[in-house]
Asker: 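Okay, handing you the structure first.
None of the values given here were measured: they were computed from a predicted structure. Below, chain A is the first sequence line, B the second, and so on; all start at residue 1.
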Amino acid sequence: DGGITQSPKYLFRKEGQNVTLSCEQNLNHDAMYWYRQDPGQGLRLIYYSQIVNDFQKGDIAEGYSVSREKKESFPLTVTSAQKNPTAFYLCASSITGGGTEAFFGQGTRLTVV
Amino acid sequence: SQQGEEDPQALSIQEGENATMNCSYKTSINNLQWYRQNSGRGLVHLILIRSNEREKHSGRLRVTLDTSKKSSSLLITASRAADTASYFCATDYTGGFKTIFGAGTRLFVKA
């Protein structure tokens, strides 16, 4: 089955630690995205990638880093520099850039303890 | 912020009634999309309407777009309890790559 997979579903992190969220897609999509969602809020764009080996900062990139070494994979690292990392993180992909249907993973809920 | 805004923030209706949600945005767009999110899950694409279209239907969904007013509406007819979810509009601004999501409307359909 084609789709986009995020792991883990739940993640707990101690303050001061970096943590990496996984996102894999087998849809052969060029574009991939990371969004952050806080309770009762919409989605805010963290990073996006239009093509392998290229990525751009979104609206709230501070304290986050990404890589796009393979077309299928777009991992997000939440660094210790992110002041308020507890949130729901969503990864998405689309055939091309903005304006095409986006397919979302099921999300990773990160909690800092 | 370029973020669109949905209205109302929350909506509670009885099963069988129609639900209407509105979305306003700020600058010219290429197209507008509506997504649905069940609690704690990812978003699911519902419908895309292009800037040169005025109305689009998909099953019980009807979407309208008024580019002169920079607004869109999503109508769900004959709602069901299973329609309970949050609904987001997403805009793709002319000349931009990013898709910008609004804050969403929470719909609760009572059985």
Side-chain angles (χ1 to χ4, degrees), chain A residues 3-11 21 23-25 27 29-51 54-61 87-111, chain B residues 1-11 21 23-25 27-53 56 58 63 65 85-108:
Chain A
I4 182 163
T5 302
Q6 289 186 241
S7 63
K9 188 171 182 179
Y10 299 97
L11 189 57
L21 282 59
C23 179
E24 302 278 333
Q25 55 100 358
L27 300 166
H29 286 171
D30 283 321
M32 296 188 74
Y33 316 82
W34 274 105
Y35 292 92
R36 169 180 172 142
Q37 187 178 31
D38 293 286
Q41 303 295 313
L43 279 66
R44 290 186 291 168
L45 184 63
I46 304 172
Y47 269 97
Y48 62 98
S49 169
Q50 295 177 255
I51 199 166
D54 182 65
F55 50 83
Q56 306 294 329
K57 292 181 179 180
D59 300 316
I60 56 164
F88 189 52
Y89 291 87
L90 286 161
C91 180
S93 70
S94 62
I95 293 175
T96 59
T100 56
E101 178 183 350
F103 291 77
F104 282 81
Q106 290 303 300
T108 292
R109 189 167 299 279
L110 173 64
T111 303
Chain B
S1 169
Q2 293 179 311
Q3 189 178 46
E5 296 181 0
E6 282 94 340
D7 168 53
Q9 291 185 343
L11 180 61
M21 289 158 268
C23 170
S24 60
Y25 56 91
T27 61
S28 296
I29 60 171
N30 292 325
N31 57 53
L32 185 144
Q33 303 178 61
W34 284 92
Y35 287 82
R36 164 192 169 128
Q37 182 183 35
N38 287 77
S39 182
R41 308 295 296 273
L43 278 70
V44 175
H45 183 263
L46 295 175
I47 199 164
L48 180 151
I49 186 165
R50 302 196 184 283
S51 59
N52 61 354
E53 297 176 312
K56 204 161 183 180
S58 176
V63 169
L65 179 65
S86 291
Y87 292 82
F88 294 88
C89 70
T91 46
D92 159 42
Y93 289 90
T94 304
F97 175 85
K98 299 181 291 185
T99 298
I100 308 297
F101 285 82
T105 291
R106 294 184 183 183
L107 173 65
F108 181 64

Asker: Taking A:Y35 for the side chain and B:F101 for the main chain, is one N or O donor matched with an acceptor at less than 3.5 Å?
Answerer: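 No: the side chain of A:Y35 does not pair with the backbone of B:F101.
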Asker: Relative to chain A, which of B:Q9, B:Q37, B:R50 shows the most heavy atom pairs under 4.5 Å?
Answerer: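 Of B:Q9, B:Q37, B:R50, B:Q37 has the most heavy-atom pairs under 4.5 Å with chain A.
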Asker: Please name the pair of heavy atoms, one in A:E101 and one in B:H45, separated by the smallest distance, quoted to 0.1 Å.
Answerer: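 Reported closest heavy-atom pair: CG-CG, 3.3 Å.
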Asker: Is it the backbone or the side chain of A:Q37 that comes under 4.5 Å from a heavy atom of chain B, or both, or neither?
Answerer: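 Side chain of A:Q37 only, per the 4.5 Å heavy-atom cut-off to chain B.
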Asker: Tell me, out of A:Q41, A:Q106, A:R109, who's got the most heavy-atom pairs with chain B below 4.5 Å.
Answerer: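 Ranked by contacts with chain B, first place is A:Q106.
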Asker: Output the distance between atom CG (A:L45) and atom OG1 (B:T99), rounded to the nearest 0.5 Å.
Answerer: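 So the gap between those two atoms works out to 8.5 Å.
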Asker: Given a strict heavy-atom distance threshold of 4.5 Å, which part of B:L43 is in contact with chain A: side chain, backbone, both, or neither?
Answerer: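 The answer is both parts of B:L43.
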Asker: Between A:G107, A:A102, A:G105, which has the largest tally of heavy atom pairs under 4.5 Å with chain B?
Answerer: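 It is A:A102.
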Asker: Check whether more than 12 heavy atoms from other residues, nucleotides or ligands sit under 6.0 Å from atom CZ of B:R106, and answer yes or no.
Answerer: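 Not more than 12 within 6.0 Å, no.
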